[in-house]
Amino acid sequence: MLTVMLLISLVQNPATASAPQYDLLIRNGTIIDGSGAPRRRADIAIKGDRIVRIGRLRNASATREIDATGMIVAPGFIDMLGQSETYLLIDPRAMSKVMMGVTTEVTGEGESIAPINERLIKEQEDFNRRYNLTIDWRTLDEYFNRLEKQGSGVNLATFVGATQVRAYVIGYDNRPPTTAELEQMKQLVAAAMKDGALGLSTSLQYVPARFATTDEIVELAKVARQYGGIYMTHQRSEANALDESLAEVFAIGRRAKIPVEIWHLKTAYKKNWGRMPEVLGKIKRARAQGLDITADIYPYIAASTSLSACLPPWALEGGTEQMLKRLKDQRTRERLKTEISTDAKEWENIYLGSGGATGVLIGSVVNRDLESMQGKRLSQIAEEQNKDPLDALFDLILADHGQTGAIYFMMSEPDMRAAMQSPFVSFCTDSGARANDGPLAGAKSHPRGWGSYPRILGRYVRDEHLLTLEQAIHKMTGMPAQRVGLHDRGLLRAGSFADITIFDPKTVIDRATFEMPNQHPVGIEYVIVNGELEVDKGKRTPALAGRALRGPGYSK
């Protein structure tokens, strides 16, 4: 009787009978689920922001269906180190990231979006002025609330930076914190962890981060550990003092009893080329001894940071205004020229390590009058201006108020490949989201921010067979999600959030180059963020479905 009544109800209500079961169906694709397991053919059903079924769903219906025949259906790529926290407020589309299949970004490299005070706001006032950015938050919770209110093209998770809390409390001076100052720094880390930070991060190569001792970092890392966080580091040296730097990374992990990740692992400068297998061996031995340590890389042989990173630490002490004052003094310039031209172990001489002016390419500027210099080698600029290369460098830093971004050619391809194949190494871009239009147009950047994941899938997987597709996707998805504790992401499973990237394995490839980086890849056909299509048949949609992802200590 019940069955008869149900049939009558369906006849009387045809709309109910034909209503789609799901919001989105992905049919006929080859699924690589992010776990490292072999690929399989299956359909995926999505309702709301979650995957609800995976299997052969022949009789299912949905509001929208995607035929993924001949394509790979993977979890959305997770960028283990992006730099988009500020760029998302300027242009929330996250164009360069979303168009290469990134759905989630982890950020906060030593410097983090919060906590922030008036001293730190003043340091970035040139950038804020160019992009009309108002800093209306002071805590991480306030930043996350602003991000979610305006919308974002990617999910964003962040670490709290040890650099950030040091600059917040001490400023840019080369001195240890007092007992009271260290306690204030620890309280700031605790507050950020409660607001949802994933853990503590450092960028120890740079000022003022390098003024911190190992003991100081250990004390802050212990606080992060209390809230379930991990420790991520741009280690103190990637070149001249690499062995000592690795020993410090291991010591921090052991003393603070905290898991560790080394960001953008490298063996930089020509004298260190060929050492990557040795470095990987040291990490492997530390893992065998019980240290929970992993690393990540980006698939390029050039790094990128500020042009002012070419200066020795003493020249940067005190902040931007003090640095610019020094560069205006001729006697100080002569001292700088001598030190930058001399190899030393005490600091990372990135200019000399890149082979001098020919190995330094100007990436981005903040002063619009300098945009013609973007994409040029420093040697070319010096020749055009009839200047000594170091004078050209100093003058450019002055003209751009210390805001210039540069690209440094300082790594080797064999070392990068060795790291890529290591089972404990995942992937990152170390780059913020950019765009060819809108407020971010006009600035150039490193091609890694436009093409890292398609480059791996096309060049290193399909063309060179350095990794299997399953291995590569695991390093882009399930592995980083598990590492930083992003639950229900990074895997294609019923119940997981519907972050999905669909690409053509036969055509996927990057197009960005160092000279012309602002080019989207090909072969990324669909990108889904929290169940919403952000890339549809290779075209960006208006959707801004990303969310703030909060860490294990979140308590609100």
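Computed from a prediction, not measured in an experiment: that's the story for all the values here.
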Minimum heavy-atom distance between V154 and S152, given as atom pair plus value: O-OG, 2.7 Å

Does either side chain, that of T294 or that of R483, offer a donor lying less than 3.5 Å from an acceptor on the other one? yes

Are K337 and F394 close enough that some pair of their side-chain heavy atoms sits under 4.5 Å apart? yes

Interatomic spacing from CG in L291 to NZ in K284 - rounded to 0.5 Å: 15.5 Å

List the residues meeting side chain to side chain donor-acceptor pair (under 3.5 Å) with E515, not counting sequence neighbours, and say none if there are none. none

Looking just at side-chain N and O atoms, do R119 and Y168 make a donor-acceptor pair shorter than 3.5 Å? no

Pairwise distance CD(E261) to CG(L198) - rounded to 0.5 angstrom: 11.5 Å

Pairing of K97 and D79 as salt bridge, 4.0 angstrom limit: yes

Ring centroids only, cut at 6.0 angstrom: are F514 and F409 within range, meaning strictly under it? yes

E321/K122 salt bridge by N-O under 4.0 Å criterion: no

Got more than 12 heavy atoms from elsewhere within 6.0 Å of NZ, K271? yes

Exercise: identify the closest heavy-atom pair between A433 and S96: CA-OG, 3.4 Å

Taking atom types as modelled, is there a side-chain donor on S201 or E109 under 3.5 Å from an acceptor on the other? no

Could you go through V106 and L81, starting from their C-alpha distance and side-chain angles, then the distance that decides it, and tell me whether this counts as side-chain contact (heavy atoms from CB on, under 4.5 Å)? CA-CA 5 Å; V106 176; L81 176 58; over 6 Å; no

Does this structure show an ion pair linking R236 with E348, if we count only N-O contacts that are shorter than 4.0 Å? no

Separation between OG1 (T139) and CD1 (I113), nearest 0.5 Å, reads 11.5 Å

Regarding W450 and S445, do their side chains bring together a donor and an acceptor under 3.5 Å, going by distance alone? yes

Hey, is K222 close enough to E219 for a salt bridge, meaning N to O under 4.0 Å? yes

Does R448 count as lying over the ring of Y298, i.e. NZ or CZ under 6.0 Å from the six-ring centre, within 45 degrees of the axis? yes

Does a donor on one side chain sit under 3.5 Å from an acceptor on the other, for N155 and T104? yes

Any sub-3.5 Å donor-acceptor pair from Q519's side-chain atoms to R511's backbone N or O? yes

Could you tell me if the side chain of L89 sits less than 4.5 Å from the side chain of L133, heavy atoms only? yes

E111 CD: over 12 foreign heavy atoms closer than 6.0 Å: no

Distance under 6.0 Å and angle within 45° of ring axis: R335 vs W314: yes

Scan for ring-ring contact (aromatic ring centres under 6.0 Å, His included) pairs involving residues 169-228, sequence neighbours excluded, and state none if there are none. Y206-H234

Working to the nearest 0.5 Å, report the span between CG of L378 and CG of L396. 7.5 Å

Counting N and O atoms only, with roles assigned by atom type, does the side chain of W273 sit under 3.5 Å from a partner on the main chain of M410, one being a donor and the other an acceptor? yes

Matching residue for K376 among E371, E384, E383 - test: salt bridge (charged side-chain N to carboxylate O under 4.0 Å, His left out): E384

Nearest heavy atoms of P447 and Y300, plus distance in Å: O-OH, 3.5 Å

Any salt bridge between D395 and R333, counting N to O under 4.0 Å? yes

Roughly how far, to the nearest 0.5 Å, is CE of M276 from CE of M416? 9.5 Å

Any ion pair linking D437 and R93 (charged N to carboxylate O, less than 4.0 Å)? yes

Identify the two heavy atoms, one from D195 and one from R550, that lie closest to each other, and give their separation to 0.1 Å. O-NH1, 3.0 Å

For the pair Q83 and D430, evaluate side-chain hydrogen bond (donor to acceptor under 3.5 Å, both in side chains) and give the outcome as yes or no after the intermediate values. CA-CA 6 Å; Q83 306 280 3; D430 191 17; 2.7 Å; yes

Apply side-chain contact (heavy atoms from CB on, under 4.5 Å) to residues C310 and Y408 and explain how you reach the verdict. CA-CA 10 Å; C310 291; Y408 300 90; 3.4 Å; yes

E118/R138 ion pair, N-O < 4.0 Å: yes

Would a 4.5 Å heavy-atom cut-off, applied to side chains only, mark I230 and V260 as touching? no

Rounded to the nearest 0.5 Å, what separates atom CD1 in I381 from atom NZ in K387? 10.0 Å

Just checking, any donor-acceptor pair under 3.5 angstrom between side chains of Y143 and T158? no

What verdict does the side-chain hydrogen bond (donor to acceptor under 3.5 Å, both in side chains) test give for Q289 and R254, after you've listed the backbone C-alpha separation in whole Å, the side-chain angles of each residue and the deciding distance to 0.1 Å? CA-CA 10 Å; Q289 294 165 2; R254 288 173 177 138; 3.0 Å; yes

Are the side chains of T342 and L352 in contact, using a 4.5 Å heavy-atom criterion? no

Could you walk me through whether D136 and R146 pass the salt bridge (charged side-chain N to carboxylate O under 4.0 Å, His left out) test, one step at a time? CA-CA 9 Å; D136 58 359; R146 173 168 171 178; 2.8 Å; yes

Whether E413 and R417 form a salt bridge (side-chain N of Lys/Arg under 4.0 Å from carboxylate O of Asp/Glu) is what I want to check. yes

Does any part of the side chain of M323, heavy atoms only, come nearer than 4.5 Å to the side chain of I397, both counted from C-beta? yes

Report yes or no: does S112 contribute a side-chain atom to a donor-acceptor pair with the main-chain N or O of V160 at less than 3.5 Å? no

Does atom CZ of R129 have more than 12 heavy-atom neighbours, drawn from other residues, nucleotides or ligands, at distances under 6.0 Å? yes

Report the relative orientation of the aromatic rings in Y453 and F77; use parallel for angles under 30°, tilted for 30 to 60°, perpendicular for over 60°. parallel

Keeping D415 on the side-chain end and G274 on the backbone end, is there a donor-acceptor pair under 3.5 Å? yes

Evaluate the side-chain proximity of L265 to V279: yes if any heavy-atom separation is below 4.5 Å, no if none is. yes

Give the C-alpha distance, both sets of side-chain angles, the deciding distance and a yes or no for side-chain contact (heavy atoms from CB on, under 4.5 Å) between L549 and F144. CA-CA 9 Å; L549 304 183; F144 277 156; over 6 Å; no

Is the shortest side-chain heavy-atom distance between L140 and P115 below 4.5 Å? no

Closest non-hydrogen atom pair between I170 and P177, with its separation: CD1-CB, 3.5 Å

Under 4.0 Å between a Lys/Arg side-chain N and an Asp/Glu carboxylate O for K194 and D141? no

Evaluation steps, side-chain contact (heavy atoms from CB on, under 4.5 Å), between F159 and T233: CA-CA 10 Å; F159 283 75; T233 183; over 6 Å; no

Is the closest basic N to carboxylate O distance between D243 and K282 below 4.0 Å? yes

For D296 and C428, which heavy atoms make the closest approach, and how far apart are they? OD1-SG, 3.3 Å

Determine whether L246 and I262 make a side-chain contact, defined as any pair of heavy atoms from C-beta on separated by less than 4.5 Å. yes

